[in-house]
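This report refers to the structure that appears directly beneath it.
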Amino acid sequence: MDAGFWSMGGYARFVWPCFGLTLAVLAWNIWAARRLYAKARQRAERALTMAAMDRS
Amino acid sequence: MSLSAYSVMAVAGAIGLIWRIKIGHAVAAASAPIGASFTLAALATGSLWGRPMWGTYWAWDPRLTTELIQLFLYVGVMALRAAFEDAGRGDRAAALLAIVGLVNVPIVHYSVQWWNSLHQAATVAKLGRPEMDSSMLWPLLSMLLGFTMFYAGVLCIRLRGEILNRERSAAWVREAIAS
């Protein structure tokens, strides 16, 4: 890549933070969604184990 | 994307509220944080680009102000849902606020036409030929498609979690977890 691309016509300090911020938002979305699902599954599994212990 | 995610949230909330279909509330709850994060990204990146284009990071311009209200609506809906100990009441209250807040969606969209604004007028979503040059239009449309698919994908993951949380005592969940 040439320097002209990275300098974005002199607007690099505005353009690249926008890309960074958007990537951060995308990464957070994936992380938070997976975390929500993992926690929900963990909670459901725990409830299942507790129910099995109660029965025994 | 911020407006689309809000519309999904409000319509899903309405389905849950009117027809008492539980998955409606689950979709609304799953859509809210994604839409809020997209709104935040729109405001922050727009503000960054506003500095070289308009000479300021922020102005109390109709488009910017209505989009900020959009973010507050998202936060309000999420906070209201979390404020109730009874999940059912939280869902109903959040759905009601989401439906009332839906009025802001066309206001955001048409704000650049209705009032004098620093923001450019509609360049893509207008009848007839878009005014944007094709060198910018196609990247924009492909990004729109990409972000829509990303939204749908993340919504599905969140929805799985929401359903598991809400239905963890149901027999089918126990069977699914055990297998």
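Residue numbers begin at 1 in each chain, while the letters A, B, ... track the order of the sequences. Values reported hereafter were calculated over all heavy atoms of this structure, with side chains retained and with hydrogens, waters and symmetry mates removed.
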message: Is the ring pair A:F14/B:Y57 parallel, tilted or perpendicular, if the boundaries are 30 and 60 degrees?
response: tilted
- prompt: Rounded to the nearest 0.5 Å, what separation is found between the CG atom of B:L48 and the CH2 atom of A:W16?
  reply: 14.0 Å
- prompt: Near A:R41 CZ, under 6.0 Å, is it more than 12 heavy atoms from other residues, nucleotides or ligands?
  reply: yes
- request: Report yes if the side chains of B:M53 and A:Y11 come closer than 4.5 Å at any heavy-atom pair, otherwise no.
  value: yes
message: Between B:W49 and A:V15, is there a side-chain heavy-atom distance shorter than 4.5 Å?
response: yes
- prompt: Should A:N29 and B:F38 be marked as a side chain to side chain contact (heavy atoms under 4.5 Å, CB included) after you check the CA-CA gap, both sets of side-chain angles, and the distance that decides it?
  reply: CA-CA 10 Å; A:N29 265 299; B:F38 283 176; 3.9 Å; yes
- prompt: CE of A:M8: more than 12 outside heavy atoms within 6.0 angstrom?
  reply: yes
message: I'd like to know whether CH2 of B:W138 has more than 12 heavy-atom contacts from other residues, nucleotides or ligands below 6.0 angstrom.
response: no
query: At a heavy-atom separation under 4.5 Å, does A:A32 approach chain B through its side chain, its backbone, both, or neither?
result: both
- line: Tightest non-hydrogen contact, residues A:E45 and B:I177, listed as CG-CG2, 3.3 Å
message: Within the structure provided, determine whether A:Y37 and B:R158 are in side-chain contact (heavy-atom separation under 4.5 Å).
response: no
- line: CG of A:L36 to CD of B:E162, rounded to nearest 0.5 Å, is 5.5 Å
task: Taking atom CH2 of B:W19 as the centre, report whether more than 12 heavy atoms of other residues, nucleotides or ligands fall under 6.0 Å from it.
output: no
message: For chain A, which candidate among B:R168, B:R51, B:R160 shows the most heavy-atom pairs at distances under 4.5 Å?
response: B:R160
- request: Starting from the C-alpha separation in whole Å, work towards a yes-or-no answer on side chain to side chain contact (heavy atoms under 4.5 Å, CB included) for A:I30 and B:F150.
  value: CA-CA 9 Å; A:I30 295 170; B:F150 178 85; 3.7 Å; yes
task: For residues B:N165 and A:R43, report the shortest heavy-atom separation together with the two atoms involved.
output: OD1-NH1, 3.1 Å
- prompt: Hey, are the side chains of B:F147 and A:T22 touching, using non-hydrogen atoms and a 4.5 Å cut-off?
  reply: yes
task: For chain A, find which of B:I157, B:L159, B:L155 contributes the most heavy-atom pairs closer than 4.5 angstrom.
output: B:I157
query: Looking at B:A41, B:S47, B:S37, which makes the most heavy-atom pairs under 4.5 Å with chain A?
result: B:S37
query: Do B:V173 and A:L48 have side-chain heavy atoms sitting under 4.5 Å apart?
result: no
- request: Check the surroundings of atom CD1 in B:I23: do more than 12 heavy atoms from other residues, nucleotides or ligands lie under 6.0 Å from it?
  value: no
- prompt: Hey, any chance B:L64 and B:L40 share a hydrophobic cluster, counting ILVMFWY side chains that come within less than 4.5 Å of each other, even indirectly?
  reply: yes
task: Locate the shortest heavy-atom distance separating B:G161 from A:A40; write the atom from each residue and the value.
output: O-CB, 3.4 Å
- request: Count the heavy atoms of every other residue, nucleotide or ligand shown that sit under 6.0 Å from CZ of B:F84, and state whether that count exceeds 12.
  value: yes
